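Data block below; observations after.
Every chain is numbered from 1, with letters handed out A, B, ... down the list of sequences. None of these values were measured; they are calculated from a predicted model.
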There are 2 protein chains.
Amino acid sequence: MPKEKSVLIGFLKKNKMKMTSQRDKILDFFLKWEKHLSPDEMYYELKKLYPRIGRATVYRTLKLLTKANIASQVELGDGASRFEHKYNHPHHYHLICSRCGKLIEFVSDKIDALKKNISKKHSFLPNNVRFEIFGLCKKCQKYRN
Amino acid sequence: MPKEKSVLIGFLKKNKMKMTSQRDKILDFFLKWEKHLSPDEMYYELKKLYPRIGRATVYRTLKLLTKANIASQVELGDGASRFEHKYNHPHHYHLICSRCGKLIEFVSDKIDALKKNISKKHSFLPNNVRFEIFGLCKKCQKYRN
DNA sequence: ACTGATATTGAGACTCAATATCAATTACAA
DNA sequence: TTGTAATTGATATTGAGTCTCAATATCAGT
């Protein structure tokens with residue numbers, strides 16, 4: 001059993017919520033999938049495997065996983081939100097290629113320092129930071145557009 | 001005549017586009033309005049003044065103003081995009097209060113340095129950066145939620 | 001000032017992501 | 001095993017934003 005599943009079960013217990021086969025399947029799928037899927041994409045993939053699954057359940061479960069610290073939501077600048085693994089993954093930021101959509105992850109303690117400094121200066125209590133660099137990845141720089 | 005209007009007229013000429021009464025009105029409204037409005041909010045406000053104006057025209061004109069460097073688009077994390085003045089405004093970033101929506105602007109050359117360093121390290125050709133800190137402003141820290 | 005080529009407008013249909021509703025179903029503590 | 005509270009999922013709805021296309025307005029060249 002993956003650790004994330006224990007985490008989920010613990011979280012559910014703590015909140016008087018129930019483990020269901022749908023939640024199990026969605027978590028499973030989420031963990032197997034390497035890259036960032038939007039909820040709708042996940043819904044269509046899951047629908048292939050389990051035709052009776054509902055869109056709302058997928059959305060709800062992804063929110064749930066986010067609350068349980070198993071997933072985290074990222075905005076990549078296209079219309080949809082996306083989810084990535086969070087449990088045991090270091091907090092990171094993204095370089096986003098505007099041409100091919102490629103994501104490069106990086107970590108930076110400078111960003112965290114910046115967050116603290118700037119917030120302090122403005123009596124602001126920071127929660128989370130968004131830092132994304134949009135541009136062209138190595139491959140896409142070769143093309144005009 | 002505000003400078004932004006000359007800028008717009010120049011931009012239109014350069015691109016064989018035409019000045020219209022709608023564009024004039026939308027620019028006017030945009031300049032008068034202090035804070036960040038979403039296109040739809042602008043549309044409804046403008047509709048009060050000029051009932052025959054179309055939603056698509058507002059959206060199109062805001063894009064146009066962005067291309068002409070008069071406006072710039074920001075994402076505040078709610079569903080809608082928002083536009084702020086850009087002409088003669090220094091490039092800045094935002095602290096965003098999750099509770100009341102308050103915006104605090106700040107400038108930071110460190111962010112630009114970071115952008116360059118990190119991009120170089122990953123052979124990435126950067127275009128623009130998004131940096132936002134979400135949290136609670138001074139007032140909202142007093143409340144539980 | 002007129003005119004014609006061309007850019008623009010706007011009503012409404014449409015797309016797409018996401019949320020709300022609510023009757024039927026399921027999980028699980030006792 | 002059972003009662004009840006949480007959950008599901010089909011469907012409707014919302015909301016932001018785009019597309020279409022016939023009608024209209026602008027403006028460069030005369």
Side-chain angles (χ1 to χ4, degrees), chain A residues 5 8-29 36-68 71 73-83 101, chain B residues 5-6 8-30 36-68 71 73-83 101:
Chain A
K5 192 164 167 182
L8 179 60
I9 292 173
F11 182 86
L12 292 172
K13 277 243 171 74
K14 208 179 300 173
N15 292 279
K16 288 180 195 159
M17 300 167 88
K18 294 168 180 171
M19 188 52 168
T20 65
S21 71
Q22 288 90 336
R23 286 174 177 169
D24 196 21
K25 287 166 185 163
I26 294 172
L27 173 60
D28 238 52
F29 183 87
H36 306 64
L37 279 182
S38 71
D40 254 23
E41 286 167 339
M42 277 192 75
Y43 167 60
Y44 289 117
E45 290 300 322
L46 282 160
K47 193 94 179 165
K48 288 181 198 164
L49 302 172
Y50 318 106
R52 300 192 48 72
I53 208 160
R55 166 190 263 102
T57 303
V58 175
Y59 275 88
R60 284 187 290 233
T61 304
L62 284 168
K63 267 193 187 167
L64 174 66
L65 294 181
T66 303
K67 278 191 194 154
Q73 193 177 349
V74 288
E75 299 290 335
L76 266 48
D78 57 349
S81 65
R82 287 160 195 279
F83 289 83
Chain B
K5 191 164 168 181
S6 326
L8 179 58
I9 292 173
F11 181 87
L12 292 173
K13 277 243 170 73
K14 207 180 299 173
N15 293 279
K16 288 178 194 160
M17 299 167 88
K18 294 168 181 173
M19 188 53 168
T20 64
S21 70
Q22 288 90 336
R23 286 174 176 170
D24 197 21
K25 286 165 185 163
I26 293 171
L27 174 59
D28 239 52
F29 184 87
F30 171 73
H36 305 65
L37 279 182
S38 72
D40 256 23
E41 285 167 341
M42 277 193 76
Y43 167 61
Y44 290 117
E45 289 301 321
L46 282 160
K47 194 94 180 164
K48 288 182 198 165
L49 302 171
Y50 319 105
R52 300 192 46 71
I53 207 160
R55 165 191 264 101
T57 303
V58 176
Y59 275 88
R60 285 188 289 233
T61 303
L62 284 169
K63 269 194 185 167
L64 175 65
L65 295 181
T66 302
K67 278 190 193 156
Q73 193 176 349
V74 288
E75 300 289 336
L76 265 50
D78 57 350
S81 65
R82 286 160 196 280
F83 288 84

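Within the 4.5 Å cutoff, side-chain heavy atoms of B/F83 are placed close to those of B/T66. Counting only heavy atoms from C-beta outward, the side chains of A/T57 and A/R23 never approach each other to under 4.5 Å. Within the 4.5 Å cutoff, no side-chain heavy atoms of A/L49 are placed close to those of A/K25.
Put simply, CD on A/Q22 is 8 Å from P on C/dA27, counting in whole angstrom units. Between the CD atom of A/E75 and the P atom of C/dA18 there is a distance of 8 Å, rounded to whole Å. A/I53 has its CD1 atom 12 Å from the C1' atom of D/dT7, to the nearest Å. Rounded to whole Å, atom P of C/dA29 lies 12 Å from atom CD1 of A/I9. In this structure, A/D78 places its CG atom 9 Å from P of C/dA17, rounding to the nearest Å. If you take CG of A/N15 and P of C/dA29, they are 14 Å apart, rounded to a whole angstrom. Rounded to an integer number of Å, the gap from OH of B/Y43 to C1' of C/dG10 is 9 Å. Atom NZ of B/K16 is separated from atom C1' of D/dG29 by 14 Å (rounded to the nearest Å).
Applying the 3.5 Å distance criterion, the base of C/dT6 shares a donor-acceptor pair with the side chain of B/K18.
Remark: A/K67 fails to qualify as a cation-pi partner of A/F11 under the 6.0 Å distance and 45° angle criteria applied to the six-membered ring.
Considering only the side chain of A/Y59, C/dA17 comes nearest among C/dA17, D/dT7, C/dG10. Relative to the side chain of A/T57, the nucleotides D/dT8, D/dG17, C/dA20 differ in distance, and D/dT8 lies closest. Side-chain atoms of A/M19 lie closest to C/dC28 of the nucleotides C/dC28, C/dA18, C/dA7.
Backbone-only contact: B/R52 has heavy atoms under 4.0 Å from sugar-phosphate atoms and none from a base. Residue contacts shown for A/S81 are limited to sugar-phosphate atoms, with no base heavy atom under 4.0 Å away. Across all strands, B/R60 comes closer than 4.0 Å to base atoms (heavy-atom distances).
Distances shown here put every side-chain N or O of A/R23 at or beyond 4.0 Å from the OP1 or OP2 atom of C/dA27. Phosphate proximity of C/dT19 to A/K63: present, with a side-chain N or O under 4.0 Å from OP1 or OP2. Taking side-chain N and O atoms only, A/K13 has no distance below 4.0 Å to OP1 or OP2 of D/dA6. Taking 4.0 angstrom as the limit, B/T20 places none of its side-chain polar atoms (N or O) nearer than this to OP1 or OP2 of C/dA7.
Positionally, the nearest nucleotide of DNA chain D for B/S38 lies more toward the 5' end than for the other of B/S38 and B/M17. Summary of the strand contacts: B/R82 and A/L12 both lie near DNA chain D, and taking for each the nucleotide with the nearest heavy atom, the more 5' one is attributed to A/L12.
In B/K63, the NZ atom is not crowded: 12 or fewer heavy atoms of neighbouring residues, nucleotides or ligands sit closer than 6.0 Å. The local environment of NZ in B/K13 is sparse, with at most 12 non-hydrogen atoms from other residues, nucleotides or ligands closer than 6.0 Å.
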